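The structure appears right after this line, and notes come after that.
Numbers restart at 1 for each chain; the letters A, B, ... are given by sequence-line order, proteins then strands. Quick caveat, the model's predicted, so the values are computed rather than measured.
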Amino acid sequence: MLKRIPLPAQFDRIIIGGGITVGAIGVPLGIVLVTLVAFGVISAPEMVFFVAAIIVILGALGCVLLPNIVHAALSLTATLIGVAALYLLLMSEFLALVQVLVYGGGVVLLLLFGLMMTNAQDDPVVTDGSQKPFAFLLVSLLIGTFITLLLSGDWGNPTAHVVPFELFGERLFREFALPIIIVAVLLDVAITGALVNVHTASNDLPEESE
Amino acid sequence: MPDISVTIGMQQAWLLPAMPVVAFLIISFFRKLLPREGDFLAIIGMLGILLVTLFIIVDFQGFFHDGEFHPGEANVYAFDWVRISADNFLFLIEFSTYIDAISIVMLIAISIVGLMVAIYSTGYMQGEDRYGWYFAVLSLFVAAMLLLVTSGSLVWMYLAWEGVGLASYLLIGHYWERQSAAEAAKKAFITTRVGDVGLLIGIILLWKATGSFDIQTIIAAATSGQIGETYLTVAMLALFAGAVGKSAQFPLHVWLPDAMEGPTPASALIHAATMVVAGVYLIARFSPVYEVVLVARDVILYTGLLTAFLAASMGLVASDIKRVLAFSTISQLGFMFVALGVGAVGAAMFHVLTHAFFKALLFLGSGSVIHATGRQEVEYLGGLRHKQPITAATFIIGSLALAGIPIFAGFWSKDEILHAVSSYASPFVYIVLAGTALLTAIYTTRLVLLTFFGDPRDRSAFDHAHESPSSMTLPLLLLGLLATVSGFFVFDAVGNLFGFSGGIGYLVYLHHPHSFHIDWAFASVATVSSLTGVIIGWVYWHGGAERAIKARTWSPDLHALLVNRYYLDELYQGIINRVVLGLAGIVAWFDKKIVNETGVDGGAQFIGYFGYRLKFLQTGKIPNYALGIAAGILVLSVMVLARA
Amino acid sequence: MIPIEYFLTLGAILFGLGLFGVLSRRSAILILMAVELMLAGVSINFIAFASYLDTDAFSGLIFALFVITVAAAEVGLALGIVLRLFRERRTSNVDEASDMRW
Amino acid sequence: MTENDGYFLIALIVLPLLSAVCLMIIPSKERTLIVGLTAISSLVMFFVSVYVFMAYSFDGSTFQGVKSYPWVENIGLLGENGISLKVGIDGVTASLVLLTGIVVLPGTWVSWKIQHRLKDFFILFYILTAGVYGVFVLLDLFFWFLAYETALLPMYLLIAVWGSTRKEYGAMKLMMMLMAGSIPIFAAIFALFAEVGLGTFDMEVLLSASKDEDFQKIFFPLVVIGCGTLGAMFPFHSWSPDGHAAAPTAVSMVHAGVLMKVGAFGIVRLGAQMMPEGALFWGPALVALGITAALYGAISALRQTDMKMLMGFSSVSHMGYVFVGLGTMNVIGMTGAVLQMTAHGLMTALFFLLIGAMYDQSHNRDLPNFSGLAKQMPIWSVFFVFASLASLGLPGLSGFIAEVHIFIGAFRSYPIVGGLAVLTAAITTTYLMRALAQSFFGEANPKWDSLNEMTWIERSGAAVLVAAILLLGLWPSPWIDRIAPSLSQIPGLMM
């Protein structure tokens with residue numbers, strides 16, 4: 001049935017590969033989490049958090065490690081959707097919405113367009129030594145530091161609060177009216193800048209394109 | 001006369017330098033507009049000086065009575081030139097004039113010789129380039145010289161001292177188109193300047209001890225024993241260094257023979273009669289202090305003795321008529337310093353006066369010869385008495401005075417010096433000095449014989465020769481008269497005639513007034529030695545050049561030594577080339593290589609090299625920079641962690 | 001209830017992974033993606049603080065909103081630059097765009 | 001000097017700046033207008049300088065014509081009168097203001113023959129002038145430093161654009177050394193501000209405030225090094241010969257004539273007046289450095305052939321006297337030092353004017369290349385001989401009266417140094433006389449027959465300087481009467 005639909009073989013592979021990955025990692029994890037919830041070790045919201053967190057981290061790892069650029073872009077989408085789920089857990093539906101719309105929709109789409117237009121196939125071949133080991137060392141130290149730092153802090157025992165939609169709008173458009181306008185201008189400038197940047201006058205095109 | 005002397009007297013001594021300064025300014029700025037380029041202004045200035053000098057002498061007699069000199073307040077004209085005052089502190093440089101007998105001797109010499117030279121120059125310099133400029137500088141020189149001998153303040157005296165040096169520099173270099181003249185002027189200025197280092201140091205040392213620049217204050221303080229003897233000796237020797245430079249004493253005598261590159265009348269005035277005796281004047285001025293520091297006096301004595309002998313021996317072989325006279329001047333200055341060295345200030349000043357007349361006469365005479373023949377090497381002269389009778393006659397008078405033949409002026413003053421030496425110093429000094437007098441007679445005779453007698457050796461020059469114009473012969477005759485009679489001043493009767501009871505002894509030797517008298521024993525010895533010299537000279541040179549050449553072959557080595565002036569010039573040149581310029585080369589090298597190229601450029605290069613190595617950190621790869629930023633974040637967060 | 005540390009830790013890990021991506025990747029577009037990860041990590045922190053600690057003012061939320069907006073603008077502009085780079089050099093490898101070196 | 005005369009002091013800063021602004025408006029091709037404007041403004045500056053000098057009264061007050069306009073106060077570290085535009089002069093600056101007026105006048109005149117970008121030259125030149133005047137009349141350390149830097153910065157462009165020979169090298173070296181020198185000054189100024197702790201940069205307050213002795217001992221050397229670099233003190237003199245050799249005529253004149261004195265003046269004002277105990281402590285070191293510089297510069301000059309290099313080393317030597325005088329810390333020596341600043345300024349400005357007048361025609365400054373120049377350029381040679389005589393300290397000219405004070409001051413404390421200083425004067429004679437005998441006298445070299453006599457403008461400029469040299473040399477009391485009382489107020493100064 002699937003073969004009748006004229007899809008590229010690559011797409012096929014993604015579906016199958018993704019399914020196997022989700023199945024191999026997601027199903028045992030889900031079982032473990034459900035069991036933990038059932039025995040009362042963790043609460044239900046915590047379970048949701050962990051699921052989302054796993055999606056986020058796996059997606060992020062995929063995004064930074066996968067050699068295929070399209071795979072990386074799709075992993076990024078997974079991460080962003082996971083983050084949106086986390087926002088819901090944090091009781092901010094509006095931001096979750098925005099996250100999915102802007103990121104999951106706009107930004108990723110934009111990135112994919114970029115991929116297509118730059119004909120970028122894979123992570124380019126390293127020319128003179130990778131700084132990956134240094135980056136790894138540095139990042140591990142940094143994450144370690146951050147975690148030590150935040151764990152050493154005394155946060156009390158706060159609880160999450162719902163953000164009232166009306167209040168949020170009130171604040172956004174009254175107190176933060178000026179920043180909003182500035183951001184609007186910024187967006188405008190960014191778009192104009194992007195246009196100007198990408199637009200090539202006929203005389204400064206590279207020679208091959210003539 | 002007394003009525004005028006009330007209005008013009010010692011109080012108006014500032015007029016003396018002021019008049020020639022005015023002449024100098026007018027001539028140097030307006031000489032193109034003035035008739036005869038303004039030479040008459042210089043002569044008018046000199047006449048004015050002579051007049052004022054006469055008034056001052058008249059005025060001066062009013063302070064001279066009871067065998068004592070009473071300067072009083074009238075003697076000093078002063079205003080504050082520099083004044084720094086604070087609580088119980090006063091630093092004062094005054095302008096003041098001080099006239100005493102020593103100054104008056106100098107004034108007489110300067111005013112008379114200056115006038116003669118100025119008149120003579122109108123003939124001698126006729127038609128030359130920079131005719132007016134010559135007279136301007138001559139006026140400048142006279143102004144500085146008068147300021148030098150009338151100043152009561154050491155700083156102003158130093159100012160004038162350097163001023164005469166400047167005028168001398170300008171006049172020696174008057175024919176600067178000749179490289180030799182330019183070099184001679186440079187040599188004269190630098191050599192005297194070396195001596196002036198000592199003079200300035202001496203002045204400052206004296207100021208440090210007494211807090212004053214006023215000469216009389218300093219003398220009073222020094223003679224009263226306020227200053228330590230060693231300190232005073234050093235200061236007085238430093239002063240003497242200035243005198244050595246200016247008066248061309250050994251070892252700084254080398255500039256004077258070269259100074260003959262200047263116009264001959266200028267040589268007569270500056271390098272014979274006046275400027276070179278400034279050193280004698282300085283030591284005489286401080287003679288009361290030298291009475292206290294006998295070591296310094298001995299230094300003066302032996303310097304003078306050595307100089308007198310060396311210069312006389314060099315004069316024996318010099319071929320240039322002016323150089324012979326220059327060596328003679330150095331030698332005679334040595335005589336004066338010997339006199340100062342034995343404390344015979346009166347004898348020294350007397351010799352200054354007579355020497356001024358007869359040496360100026362000789363120089364002007366030689367100028368007349370050079371003017372007529374265009375040659376100045378005695379080997380090429382000869383027989384000129386036929387062509388230039390007046391010049392020859394006056395020149396012979398001057399030579400007789402120089403040789404110390406009785407009646408003529410030089411005899412009396414030289415005899416005084418010999419007499420003083422015999423009673424104050426060891427017989428050795430007396431013998432050397434008498435020997436030098438003998439040498440003097442020999443070279444003087446040689447000069448006269450080779451120039452005016454025998455056969456002419458350069459026919460064209462001889463044919464060309466003629467007697468000089470009256471503007472030149474008149475001063476010669478006048479000076480000839482003075483060279484003959486000025487010695488009689490030594491007699492009490494003559495002194496009394498001029499209003500100085502007791503003759504020149506009273507005039508210049510204030511502290512122990514004693515009358516000059518002739519000790520006939522000494523006088524006859526001196527006469528015999530002079531006459532012997534003349535006879536020896538006659539025997540050798542009366543026939544003309546052949547014998548002269550024979551004389552040269554008598555001892556070639558000695559001749560070469562003397563002609564080369566004991567190789568002192570070469571020695572100095574060697575020292576300057578090797579030591580001074582070598583040191584300068586080392587310092588210049590040090591500055592170029594060590595300070596500049598190593599220190600400054602090297603520092604810059606080190607930083608440049610450091611930057612060159614450092615620039616490779618700028619890989620241009622954005623991830624590398626991002627890694628750096630991230631590392632920075634890590635460091636910052638670790639710092640936050642460490643705080644928390 | 002979920003403790004705030006959970007969110008903060010996740011935010012830190014996400015930020016770190018993003019940073020790792022920025023530092024190790026060569027393709028300009030992948031670097032951009034990694035930057036998005038870092039921004040997401042930061043946004044999680046903001047929102048966690050806002051909903052846990054700043055219950056009255058929830059400034060963090062507004063900040064997160066701005067972050068998202070600016071990120072969108074940034075991606076647009078950055079892609080423009082990448083495109084430009086690609087046109088000039090036929091590559092989007094940032095290592096090869098190293099004209100600004102010594 | 002009445003209080004209203006303070007407006008003249010402000011005018012001294014404003015006039016050159018105003019001229020610079022006017023010049024910016026004038027189109028470059030209007031040469032006549034530029035020349036006219038600079039002629040007027042330089043004359044006005046000259047007369048204002050003369051007026052300021054004359055109006056200085058001997059009523060015993062330290063600073064006269066004081067005018068103060070607060071700018072920033074009572075903010076942060078700043079207290080009452082924190083930073084104010086304050087002007088005023090004492091006897092030292094009165095004579096230095098006069099010097100600036102005298103040097104800038106002929107400096108402007110001789111620059112008129114510049115063909116390349118005349119307008120821009122004058123704009124920079126007048127900004128520099130404003131800086132120099134500012135250093136002398138400003139009484140607020142903050143603005144003082146601003147003026148100090150303003151006086152330095154245009155120098156780079158002036159040399160690099162209008163200079164000759166190795167101009168880029170000379171300009172860069174000069175600029176970098178002087179800028180490096182201003183760092184310790186900067187540090188010392190703020191240290192002084194902090195040490196006094198009254199939150200003000202007002203010099204009068206800082207002068208009278210008490211400062212810790214150790215503080216003074218630490219920061220006095222910083223001031224000496226910083227200001228000494230600008231004053232070409234050994235071993236920081238290296239920019240001087242190269243910089244002077246490269247600079248155009250007017251810039252050499254103003255630089256050697258005035259700007260080097262800014263350095264020495266900095267030592268007087270920031271050093272001796274602000275930190276007298278430090279100056280007393282370090283005085284012997286300053287004297288040692290000064291006499292080393294004097295001898296070193298003079299001996300080096302013996303081997304120089306480029307006229308401007310010769311003058312550069314000569315300046316090092318003469319500035320060495322200034323440091324000797326300052327280091328003696330007695331009123332005669334210090335008065336001599338300030339006199340020497342003026343004397344050397346006039347004399348060296350004259351030298352550079354003359355060398356410029358010749359170099360513009362011959363494009364050669366090597367002494368051995370010349371011979372008998374007096375034949376081809378008689379008036380020029382007379383001026384040159386005069387300048388040489390002033391330089392070697394001939395009595396009756398400006399150099400002597402300054403040097404004799406320094407010698408006396410040195411002899412009072414350090415007789416050996418005094419002797420060496422007198423000896424240096426003889427060495428100075430030697431190198432100048434050698435140059436004169438070699439290049440100015442002797443047979444004229446026909447190669448240079450094409451050289452013309454100085455123009456009338458140059459002659460007038462030289463005449464102004466000659467007149468000033470003679471005036472100072474023959475009648476120094478107007479200067480000394482102003483300088484000495486101001487200096488004698490320094491506490492601890494030996495009389």
Side-chain angles (χ1 to χ4, degrees), chain B residues 80-89 91 93 144 155-156 158-163 165-166 169-170 173 176-183 185-187 189-190 193-194 196-198 200-201 203-205 207-208 576 580-581 583-592 595-596 599-601 604, chain D residues 173 176-177 234-235 237-239 241-242 296 299-304 313 331-332 335 371-372 374-375 385 389 392-396 400-401 404-405 407-408 411-412 415 418-419 422-423 425-427 429-431 433-434 436-438 440-444 475-477 480-481 484-485 488 495:
Chain B
D80 293 355
W81 191 50
V82 169
R83 182 190 190 89
I84 299 177
S85 59
D87 313 333
N88 38 17
F89 169 77
F91 175 73
I93 303 179
V155 171
W156 277 86
Y158 182 77
L159 192 146
W161 185 273
E162 295 279 322
L166 168 66
Y169 170 76
L170 293 174
W176 46 256
E177 292 91 342
R178 290 205 305 259
Q179 190 65 41
S180 58
E183 294 295 330
K186 175 186 86 174
K187 188 173 179 180
F189 199 87
I190 294 176
R193 187 90 183 170
V194 169
D196 295 347
V197 168
L200 190 54
I201 289 176
I203 291 173
I204 297 174
L205 285 176
W207 174 84
K208 198 182 171 192
I576 288 171
V580 178
L581 288 184
L583 179 69
I586 291 169
V587 173
W589 176 87
F590 176 82
D591 190 74
K592 197 165 185 284
V595 175
N596 194 13
V600 177
D601 289 358
Chain D
K173 185 166 167 182
M176 291 183 70
M177 287 189 75
F234 177 84
H237 64 276
S238 207
W239 58 267
D242 285 319
Y296 182 91
I299 293 176
S300 297
L302 277 173
R303 287 305 280 258
Q304 302 301 322
F313 279 105
V331 73
I332 300 174
T335 305
S371 169
K375 185 98 190 157
V385 171
L389 294 172
L392 58 84
L394 189 84
F400 172 71
I401 190 69
V404 85
H405 278 81
F407 297 157
I408 291 170
F411 259 103
R412 296 189 72 188
V422 181
L423 185 67
I427 301 175
T429 312
T430 310
Y431 67 73
M433 285 296 143
R434 274 168 60 91
L436 288 182
Q438 182 177 48
F440 291 74
F441 303 130
E443 200 133 340
W475 189 39
S477 42
I480 291 171
D481 291 348
S488 62
M495 276 301 152

Discussion item. So for D/M176, is it side chain, backbone, both, or neither that comes closer than 4.5 Å to the heavy atoms of chain B?
Written reply: neither
Worksheet entry | Residue among B/R83, B/R178, B/K208 with most heavy-atom pairs under 4.5 Å to chain D | B/K208
Fill in: Atom pair CZ (D/F407) and CD1 (B/I201), whose distance is rounded to the nearest 0.5 Å
9.0 Å
Practice prompt. Answer with side chain, backbone, both or neither: which region of D/P415 has an atom nearer than 4.5 Å to a non-hydrogen atom of chain B?
Written response: side chain
Item to complete: Answer with side chain, backbone, both or neither: which region of D/F313 has an atom nearer than 4.5 Å to a non-hydrogen atom of chain B?
Response: side chain
Fill in: B/E177 side chain vs D/A374 backbone, donor-acceptor pair below 3.5 Å
no
Worksheet item: Heavy-atom distance under 4.5 Å to chain B: side chain of D/I408, backbone, both or neither?
Response: both
Worksheet item: What part of B/L200 lies closer than 4.5 angstrom to a heavy atom of chain D: side chain, backbone, both or neither?
Response: side chain
Response to the item:
One option among B/I586, B/D601, B/I203 has the most heavy-atom pairs under 4.5 Å with chain D, and it is B/D601
Discussion item. Between B/W207 and chain D, with a heavy-atom cut-off of 4.5 Å, which part of the residue counts as in contact: side chain, backbone, both or neither?
Written reply: side chain
Worksheet entry | Side-chain heavy-atom pair D/F441, B/E183 within 4.5 angstrom cut-off | no
Practice prompt. State, to 0.1 Å, how close B/A182 and D/G442 come at their nearest heavy-atom pair, and which atoms those are.
Written response: CB-N, 4.2 Å
Fill in: Check: B/L581 main-chain N/O paired with D/R303 side-chain donor or acceptor under 3.5 Å
yes
Discussion item. What part of B/Y169 gets within 4.5 angstrom of chain D, counting heavy atoms only: side chain, backbone, both, or neither?
Written reply: side chain
Practice prompt. Kindly determine whether B/F91 and D/T335 satisfy side chain to side chain contact (heavy atoms under 4.5 Å, CB included), including the steps that lead there.
Written response: CA-CA 12 Å; B/F91 175 73; D/T335 305; over 6 Å; no
Worksheet entry | Atom pair CG (B/L159) and CG (D/L394), whose distance is rounded to the nearest 0.5 Å | 7.5 Å
Fill in: Gap separating the OG1 atom of D/T430 from the CD1 atom of B/I576, nearest 0.5 angstrom
7.5 Å
Worksheet item: If you count heavy-atom pairs under 4.5 Å between each of D/F234, D/F411, D/W475, D/W239 and chain B, which one has the most?
Response: D/F411
Fill in: Max heavy-atom pair count under 4.5 Å with chain D, selected residue of B/V194, B/I190, B/I84, B/D591
B/D591
Practice prompt. Check whether any side-chain heavy atom of D/T429 lies under 4.5 Å from a side-chain heavy atom of B/D196, and answer yes or no.
Written response: no
Item to complete: Could you look at D/A425 and say if it's the side chain, the backbone, both or neither that has a heavy atom under 4.5 Å from chain B?
Response: both
Response to the item:
Closest non-hydrogen contact found for D/P235 with B/V595 is O-CG1, 4.2 Å
Discussion item. To the nearest 0.5 Å, what is the distance between CH2 on B/W81 and CD1 on D/I401?
Written reply: 3.5 Å
Discussion item. Report which part of B/L205 has an atom under 4.5 Å of a heavy atom belonging to chain D: side chain, backbone, both, or neither.
Written reply: side chain
Worksheet item: Once the angle between the rings of B/Y158 and D/F400 is folded into 0 to 90°, is it parallel (under 30°), tilted (30 to 60°) or perpendicular (over 60°)?
Response: parallel
Worksheet, complete the sentence: Interface check, chain D: of B/W589, B/F189, B/W176, most non-hydrogen pairs under 4.5 Å belong to B/W176
Worksheet item: Between D/P395 and B/W156, is any pair of side-chain heavy atoms under 4.5 Å apart?
Response: no
Worksheet item: Do you know which of D/M177, D/Q304, D/R434 has the most heavy-atom pairs with chain B at a distance under 4.5 angstrom?
Response: D/R434
Fill in: Per-residue contact mode, D/L392 against chain B (heavy atom under 4.5 angstrom)
both
Discussion item. Measuring only between side-chain heavy atoms, which start at C-beta, is B/F590 closer than 4.5 Å to D/Y296?
Written reply: yes
Discussion item. Heavy-atom pairs under 4.5 Å with chain B: which of D/A301, D/G393, D/S371 has the most?
Written reply: D/G393
